[in-house]
Amino acid sequence: MGETSNLPTAANFVHDVVVEHNATGAFGGRVQTRFPPEPNGYLHIGHAKAITADFELAREFNGVCRLRFDDTNPDTEDASFVAGIVEDLAWLGYPLDHDPLFTSDYFAQLAEWAELLISNGLAYVDDQDGDTISEQRGGYGKPGVESPFRNRTVDENLALFAGMRAGDFDEGARVLRARIDMQHENMQLRDPVMYRIRKEPHHRTGDGWSVYPTYDWAHGQSDAIEGVTHSLCSLEFDSHRALYDWFLDRLSEFAALPFEQPRQYEFARLELTHTITSKRKLATLVADGVVDGWDDPRLPTLRGLRRRGYPAAAIREFCHFVGVSKTNSRHEIELLESFIRTRLNKVAQRRMAVLEPLRVVITNWPTDADGDPIVEYVELNNNPENTEDGTRTAPFSGVLYIEHDDFKAEPPPKYYRLTPGREVRLRGAYFVTATDFVSDDDGNVVEVHVTYDPETKGGNSLDGRKVKSTMHWVSAAHAVEAEVALYERLFAAEVPGSETGDPFDDLNSDSKTLLHGCKLEPALAETAAEEVVQFERLGYFAADQRTPLLFHRTVGLRDEWANIQKRK
RNA sequence: UGGGGCGUGGUGUAAUUGGUAACACAGCAGUUUCUGGUACUGUCAUUGGGGGUUCAAGUCCUCCCGCCCCAACCA
């Protein structure tokens, strides 16, 4: 987490609010936030922004931020998500220093407070069904209609709510509603539902409850119980703030709240181009097998990004840079990728790997007494950005693999690489000149013949002669075979669904390419699981967490040659 | 249709709170380079629109326009 604090100050209006509060003595200088996911899915990049906003705000003011599971809906929640979220949070850089909190731990307190509101005529049991209640709510600019059950006596309400709690009624038969104002211009205040009946067992409380608090009734009260001061949430809860305050205001009239009343602040959620952050839609992609699970490297889930090789620190830096504001916006995925590259450029070890191999024979390479090509070992830098990472050695011999794209029988304009008659450098080894090539029946080049200049050992010419390009290579006799997964954007459109309204219409059917028979330099066989290395000239690649010799392309290098080709 | 939020370059975020538009990404043009990588240089907006106040407005006033959110017993 330390790195983040070294970044320049980014936009954060909540930060400014806290500064203001501290200046005026609000909350006694205390800052407490919370990250409140519902355990009904895995965390994604959008959550990363909320997480950094919550945790970093607390950290900056020496406050505390705690994880609280907002588990008020037994229909959708699952214990496996609880564990997954805790794990992802730790990976992101926020390991828990406390047992996670659960809204379900406050169910008893919440119910007690609900009875307090009932006793003061501020809540009532409604026997109508959802459709009726919804109709009576009215509409924007249209008045609401009061429920015929709105004026039940306190005793009747108390008895009925007790019955709801006892499980006397079926799901949907009754709800507890706040008694506010059916004509309120803010629809949220038109007698919102506080409790509904659910018979589904809860992942923690089991069959202990048959009524469950709604988000609105649970959230502010949970914040108050914990002593949260600044309760951050996304923009769409803006209209809920009045309700958040109403509950707390009323409650504080009848009960002593343990802390000063928390306040809610809304900020814009993080949206990125070429991807989606809807939990429901991500779940659909997983369920339909469009991707290979929640940790598919194409997904914006934290576990997907992790598997893909995105460094947690880079994600944090990105979130910090993006800041906290109220403007609805969508960041270009390229910005995130630039943070990934910047970080990886500093730390990733350089290696040579040939993804689409083309056989190269050095026709003048010397042989030993048995007639076999001799083998030399060349020394290579592990990381030009950090000489302390030292060097390694790679075997070089008379038969090699180079990238198929690195040879063209007929070079296009501005092509610097190998082509008949041209001399190039094989990184760290020798200058070679293409003399000939072999094609198959379809005209595809299958082998290139070159001659090498023994005077250029190590990759430099004695006469100062320059070469246009330096290419990576792998010795055929020593190559380690591997699989490499290449990823493109999961969604072709910048804004998935912008045309048809359905994001899935913009799914890119070619988002994954699995390459077999890739040739790696021997040092790559020792790559640790999850380590990200740079395949020189190609990009950053992450070793799979479970399968050895499987690499995922994290992100490509910036590629000017690709831009040149695109322009044509 | 009522209420609320928001509009600065291709994208996102700034602007000492009225003082002459900054940073990053992307793009383009170059320099350096044993990665067409990195690094470095240059270039790329007059702030949704109109009117007003002022020596001075992205910042204040006013009218208009546009986008987003709210009528789940989801969160």
Can you list the residues that meet the side chain to side chain donor-acceptor pair (under 3.5 Å) rule with Asp16(A), with sequence neighbours excluded? none
Whole-Å distance separating the NE2 atom of His320(A) from the P atom of rG12(B): 20 Å
Round to the nearest Å and state the distance from Phe267(A) atom CZ to rG12(B) atom C1'. 16 Å
Figure out the CD1/C1' separation between Ile133(A) and rA72(B), and round it to whole Å. 11 Å
Whichever of Asn460(A) and Ser329(A) has its nearest RNA chain B nucleotide further upstream toward 5': Ser329(A)
Tell me: CD of Glu385(A) to C1' of rC40(B), nearest whole Å? 13 Å
Rounded to the nearest angstrom, tell me the gap between atom NE2 in His472(A) and atom P in rG37(B). 15 Å
For each nucleotide in nucleotides 1-6 of chain B, reading 5' to 3', give B when a protein heavy atom comes within less than 4.0 Å of its base, S when such contact involves only the sugar-phosphate, and - otherwise. BBSSSS
Both distances under 3.5 Å, Watson-Crick or G-U wobble: report the partner of rG66(B), or none. rC6(B)
Under 3.5 Å, is there any donor-acceptor pair linking the side chain of Gln534(A) to the base of rU35(B)? yes
Of all the nucleotides listed (rG36(B), rA75(B), rA72(B)), which has the minimum atom distance to the side chain of Ile564(A)? rG36(B)
For Tyr215(A) and rA75(B), are the ring centres under 5.5 Å apart with planes inclined under 30°? no
For Met471(A) and for Ala268(A), locate the closest nucleotide of RNA chain B by heavy-atom distance; then report the residue assigned to the nucleotide nearer the 5' terminus. Ala268(A)
Minimum-distance nucleotide to Glu38(A) side chain [options: rA75(B), rA24(B), rU13(B)]: rA75(B)
